[in-house]
Participant: 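Please see the structure below; I have some questions.
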Amino acid sequence: MARSLGVSLAEAYPQVAAMWLQERNGGLTPAKATPKMQVAVWWRCSAGHEWEENISNRTALPKWKGGDVAACRECVGYKVSYSYPDCGHTAMVTPEAAAKKRGRCWKCHQEWWQANEKRLKKELSTAAKAAAGRAGKLLDAVPVPADVPAPLVTEWRWWASKHLQGAIAAEEQMGKEGRTGEVLAHVTEMAAHLLPTKEEAGHAAANGGVLRLLDQAHWAEGWLHRLTGRSAQSVDKETLQNMAWLLGEVLADWSQRAAEAVAADRAKGHEPPATAEVTRVLTRVALSFKDELVRDTPLAPFARAYRELRLPVVPDGKGRYGRADVVVWVPGGPNFVIEIDSAPNPASAEKLVFARDAGAFPLWVRFGKGSIETIDGAIVLDIRDAVRDACKAGA
């Protein structure tokens, strides 16, 4: 039954008030306190257990009380008294927490970690690196299905080795017994289900465009193409040109604003942006392209733009899957795969050819130096002059 805040604790909950430990609560009494006060006071049950707790918590009725508002956590077995061996503090914890036999209470653990964090991280890192050989031998014995592509096995081995090395280091440096066995069981389970199914890839392609593999975000439409082997319907040239024109408008607007910003910075004695900074900014501009595509349409809340999605293609000379600089996903339409480079890049060309074959809009933004390579079925946006002019603004 609901209790009025104006009623005292003694009147509203006499069974709770009977546990009030007056000698430790100063001048506050059950007759002066109200049931929902956010004030911590001391209590003692009939068995002699003493603890400090807010009055509002004491008058609540969670499941562990079993309908008895005055129940004691220790008496009902919901909490037990546990003394931490390293710091000597005693606290009421759940039986499960006590079984873990932690050496320090949370507060002391935080203080200890802050004082030792730098040293421990260095020791863990050193131990993890030293465990590479042992981790490798453990992984050699893990069976991997024969139909898994070699690049995906490489990705799994890199991922699994990282986790196993950390587990071995945790056992050696932190005394976490059994950690290596737990992680080995997990990476073994992952090895058995490495290759996504057509259904998984199709669902991901239709719902956000991202497929999660080994804690990494992959381009779902690319995987659907890889798994089915079907050639997606090609994007017609006119539509591709229209999309490239729209991205070109976004880039042109950026270049004008960038020139103004660079001129203002140069007037203050600042150097023009370096190539790496220009690449980062252009990536952000490409991500904003999503907003221009769906502006004032019902699709606006659902479209997504992603940075560095992995593609199921390994460029020549590389050992792992490539990543697209930007992927824009719009419900019901082809994806946009955008590469941004300051110089000729054969790997980008291979990724864009794959994107084209998977039915996406392949767009290549080029700035900096070097020749411009053309790709059949893709559009190259040459913004070298615009970027050069922006970086020279105010000179």
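Just so you know, these numbers come straight off a predicted model, no measurement behind them.
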Participant: Answer with yes or no whether the hydrophobic clustering places Leu293 together with Leu251; edges join I, L, V, M, F, W, Y residues whose side-chain heavy atoms lie under 4.5 Å apart.
Facilitator: yes
Participant: Tell me whether His49 at atom NE2 has more than 12 heavy atoms from other residues, nucleotides or ligands lying less than 6.0 Å away.
Facilitator: yes
Participant: When you measure from the side chain of Arg226 to the backbone N and O of Pro312, does any donor-acceptor pair fall under 3.5 Å?
Facilitator: yes
Participant: Please test Val294 against Thr297 for side-chain contact (heavy atoms from CB on, under 4.5 Å), starting from the C-alpha separation and ending with a verdict.
Facilitator: CA-CA 5 Å; Val294 295; Thr297 74; 3.6 Å; yes
Participant: Which heavy-atom pair separates Ser8 from Pro30 by the least distance, and what is that distance?
Facilitator: CB-O, 3.7 Å
Participant: Is it the case that more than 12 heavy atoms not belonging to Gln256 sit under 6.0 Å from its CD atom?
Facilitator: no
Participant: Tell me whether Trp113 at atom CH2 has more than 12 heavy atoms from other residues, nucleotides or ligands lying less than 6.0 Å away.
Facilitator: yes
Participant: Could you check Lys137 against Asp140 for salt bridge (charged side-chain N to carboxylate O under 4.0 Å, His left out), going step by step and ending with a plain yes or no?
Facilitator: CA-CA 5 Å; Lys137 290 180 180 179; Asp140 289 341; over 6 Å; no
Participant: Around atom CD of Glu182, are there more than 12 heavy atoms of other residues, nucleotides or ligands at under 6.0 Å?
Facilitator: yes
Participant: Would Val148 and Trp223 show up in the same hydrophobic cluster when neighbours are defined by side-chain heavy atoms closer than 4.5 Å?
Facilitator: yes
Participant: May I ask you to establish whether Arg304 and Trp329 are in a cation-pi arrangement, using a distance under 6.0 Å from NZ or CZ to the six-membered ring centre and at most 45° from the ring axis?
Facilitator: no
Participant: Nearest 0.5 Å please: distance from the NZ atom of Lys237 over to the CG atom of Leu240.
Facilitator: 9.5 Å
Participant: Go through it in stages, so that I can follow the logic: the residues are Val187 and Trp159, the test is side-chain contact (heavy atoms from CB on, under 4.5 Å), and I'd like the CA-CA distance, side-chain angles, deciding distance and then a yes or no.
Facilitator: CA-CA 9 Å; Val187 300; Trp159 170 86; 3.6 Å; yes
Participant: How far does CD of Glu111 sit from SG of Cys87, to the nearest 0.5 angstrom?
Facilitator: 9.5 Å
Participant: Could Asp215 and Lys162 be called an ion pair, given the rule that one side-chain N must be under 4.0 Å from one carboxylate O?
Facilitator: no
Participant: Would you please test Trp254 and Val387 for side-chain contact (heavy atoms from CB on, under 4.5 Å) and show each step?
Facilitator: CA-CA 10 Å; Trp254 163 80; Val387 172; 4.0 Å; yes
Participant: Output yes when Glu339 and Arg366 qualify as a salt bridge under the 4.0 Å nitrogen-oxygen rule, no when they do not.
Facilitator: no
Participant: Taking all non-hydrogen atoms of both residues into account, name the closest pair between Asp325 and Ile338 and its distance.
Facilitator: CB-O, 3.3 Å
Participant: Got a sec: does the CD of Glu277 have more than 12 other heavy atoms crowding it under 6.0 Å?
Facilitator: yes
Participant: Quick one: are Leu211 and Pro196 in side-chain contact, heavy atoms under 4.5 Å?
Facilitator: yes
Participant: With a sphere of 6.0 Å drawn around CZ of Arg102, does it hold more than 12 non-hydrogen atoms of other residues, nucleotides or ligands?
Facilitator: no
Participant: With a 4.5 Å heavy-atom cut-off, do Val93 and Trp106 have their side chains touching?
Facilitator: no
Participant: With no hydrogens and no angle check, is any side-chain donor or acceptor of Lys65 less than 3.5 Å from a backbone partner on Ala60?
Facilitator: yes
Participant: With a 4.5 Å cut-off on side-chain heavy atoms, are Gln22 and Thr29 touching?
Facilitator: yes
Participant: Would you say Leu164 and Leu214 are hydrophobically clustered, going by side-chain heavy atoms of ILVMFWY under 4.5 Å?
Facilitator: yes
Participant: Strictly distance-based, threshold 3.5 Å: is any side-chain N or O of Asn345 a donor or acceptor partner for the main-chain N or O of Asp341?
Facilitator: no
Participant: If we check salt bridge (charged side-chain N to carboxylate O under 4.0 Å, His left out) with Glu53, which of these qualifies: Arg58, Arg44, Lys79?
Facilitator: Arg58
Participant: Within the structure provided, determine whether Val281 and Pro273 are in side-chain contact (heavy-atom separation under 4.5 Å).
Facilitator: no
Participant: For residues Val210 and Leu309, determine if any side-chain heavy atom of one lies less than 4.5 Å from a side-chain heavy atom of the other.
Facilitator: yes
Participant: Start with the C-alpha distance between Lys32 and Leu9, add both sets of side-chain angles, then the distance that settles side-chain contact (heavy atoms from CB on, under 4.5 Å), and finish with yes or no.
Facilitator: CA-CA 8 Å; Lys32 297 178 181 178; Leu9 177 67; over 6 Å; no
Participant: Is there a donor-acceptor contact under 3.5 Å from the side chain of Glu350 to the main chain of Asp316?
Facilitator: yes
Participant: Is there a donor-acceptor contact under 3.5 Å from the side chain of Asp253 to the main chain of Glu249?
Facilitator: no
Participant: Hey, are Ser83 and Thr90 close enough side-chain-wise for a donor-acceptor pair under 3.5 Å?
Facilitator: yes
Participant: Assess whether a salt bridge exists between Arg257 and Glu260, defined as any Lys/Arg side-chain N lying under 4.0 Å from an Asp/Glu carboxylate O.
Facilitator: no
Participant: Could you pull out the closest heavy-atom pair between Arg24 and Trp42, with the gap in Å?
Facilitator: NH2-CZ2, 3.2 Å
Participant: Any side-chain heavy-atom pair from Val76 and Asp68 closer than 4.5 angstrom?
Facilitator: no
Participant: Asp236 side chain to Thr239 main-chain N or O, any donor-acceptor pair under 3.5 Å?
Facilitator: yes
Participant: Got Leu184 and Val142 here, is their nearest side-chain heavy-atom distance under 4.5 Å?
Facilitator: yes
Participant: Does the plane of the ring in Tyr78 sit parallel, tilted or perpendicular to the ring in Trp64? Use 30° and 60° as the thresholds.
Facilitator: parallel
Participant: Are Tyr306 and Leu311 connected in the hydrophobic side-chain network, where two residues link if heavy atoms are under 4.5 Å apart?
Facilitator: yes
Participant: Output yes when Glu117 and Lys121 qualify as a salt bridge under the 4.0 Å nitrogen-oxygen rule, no when they do not.
Facilitator: yes
Participant: Return the CD to CD distance between Glu50 and Glu52, rounded to the nearest 0.5 Å.
Facilitator: 11.5 Å
Participant: So, for Ala127 and Glu172, which heavy atoms are closest and what is the spacing to 0.1 Å?
Facilitator: CB-OE1, 4.1 Å
Participant: Any side-chain to backbone donor/acceptor pair from Ser161 onto Trp158? Under 3.5 Å, distance only.
Facilitator: no
Participant: With ring pair (Phe, Tyr, Trp, His ring centres under 6.0 Å) as the criterion, how do His225 and Phe354 come out once you've worked through the C-alpha distance, each side chain's angles and the decisive distance to 0.1 Å?
Facilitator: CA-CA 9 Å; His225 170 66; Phe354 176 80; 5.6 Å; yes
Participant: Got a second to check how far Trp245's CH2 is from Ile379's CD1, nearest 0.5 Å?
Facilitator: 14.0 Å
Participant: Quick check against the 3.5 Å criterion: does Thr59 have a side-chain atom that pairs as donor or acceptor with the backbone of Pro35?
Facilitator: yes
Participant: Hey, which of Lys318, Arg323, Arg320 is the one that makes salt bridge (charged side-chain N to carboxylate O under 4.0 Å, His left out) with Glu155?
Facilitator: Arg320
Participant: Do Phe361 and Val328 share a hydrophobic cluster (ILVMFWY, side-chain heavy atoms under 4.5 Å, transitive)?
Facilitator: yes
Participant: Within the 4.5 Å heavy-atom criterion, are Phe336 and Val326 side-chain neighbours or not?
Facilitator: no
Participant: If you take all heavy atoms of Met19 and Trp51, which pair is closest and at what distance?
Facilitator: CE-CH2, 3.5 Å
Participant: Distance only, no hydrogens: is a donor on one side chain within 3.5 Å (strictly under) of an acceptor on the other, for Ser288 and Glu292?
Facilitator: no
Participant: Give me the atom names and distance for the closest heavy-atom approach of Trp112 to Arg104.
Facilitator: NE1-NH2, 3.2 Å
